[in-house]
Amino acid sequence: DVIAERQLELRVGRESVVVSVKLGRPTLGSSGEDWVCEYEVWFGGSCRSMAMHGVDAMQALQLSIATLDGELQHGARKRGGSLYHYDEPFVSILEGGSLRVVPAA
């Protein structure tokens, strides 16, 4: 069950490849004690599918999102290219987003 998806572009010289990131809905793990959040990273026709585990759904989701940056950068380096999002250099899934740490009152 995909709950979020982002399309990026990998540029290698004059060539470009569509990179798709898919984030799944956290589900209760088979042990019944942990939560699992799956994700996929597609570089063209090549897919890497993984899952992060957490003590609750929020932690599993956070770990998956945090792990995506490393997966994307590794995939881009492995292919000798650079990632772009809306024609701007891609830095992070979270950069430019509205997620912020709010200080306690």
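Nothing fancy with the numbering, it's 1 onward along the sequence. Fair warning: this is a prediction, and the values are worked out from it, not measured in the lab. We use all heavy atoms of the structure for the numbers below, so side chains are in, but hydrogens, waters and symmetry mates are not.
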With heavy-atom distances below 4.5 Å as the criterion, would you say the side chains of [X] and [Y] are in contact?
X	Y	value
D56	Q59	yes
Y39	C37	no
T67	M50	no
R79	S46	yes

If you take all heavy atoms of [X] and [Y], which pair is closest and at what distance?
X	Y	answer
R25	D1	NE-OD2, 2.5 Å
I3	P26	CD1-CD, 4.3 Å
H85	Q7	CD2-O, 3.3 Å
S64	L23	CB-CD1, 3.7 Å
G80	V12	O-CG1, 3.8 Å
E9	S16	OE2-CB, 3.2 Å

Atom pair [atom1]/[atom2] of [X] and [Y] - distance to nearest 0.5 Å:
X	Y	atom1	atom2	answer
E40	S49	CD	OG	5.0 Å
K22	L68	NZ	CG	13.0 Å
W42	L8	CH2	CG	15.5 Å
M52	E38	CE	CD	12.5 Å
R48	F43	CZ	CZ	10.5 Å
D34	L28	CG	CG	7.0 Å

Are [X] and [Y] grouped together when hydrophobic residues (ILVMFWY) are joined by side-chain heavy atoms under 4.5 angstrom apart?
X	Y	result
V21	V17	yes
V36	L61	no
L63	V41	yes

- Message: Around atom CD of Q73, are there more than 12 heavy atoms from other residues, nucleotides or ligands closer than 6.0 Å?
- Response: yes
- Query: Quick one: does D69's side chain have a donor or acceptor within less than 3.5 Å of a partner on S92's backbone?
  - Reply: no
- Task: Answer yes if the side chains of S20 and E5 hold a donor-acceptor pair under 3.5 Å, and no otherwise.
- Result: yes
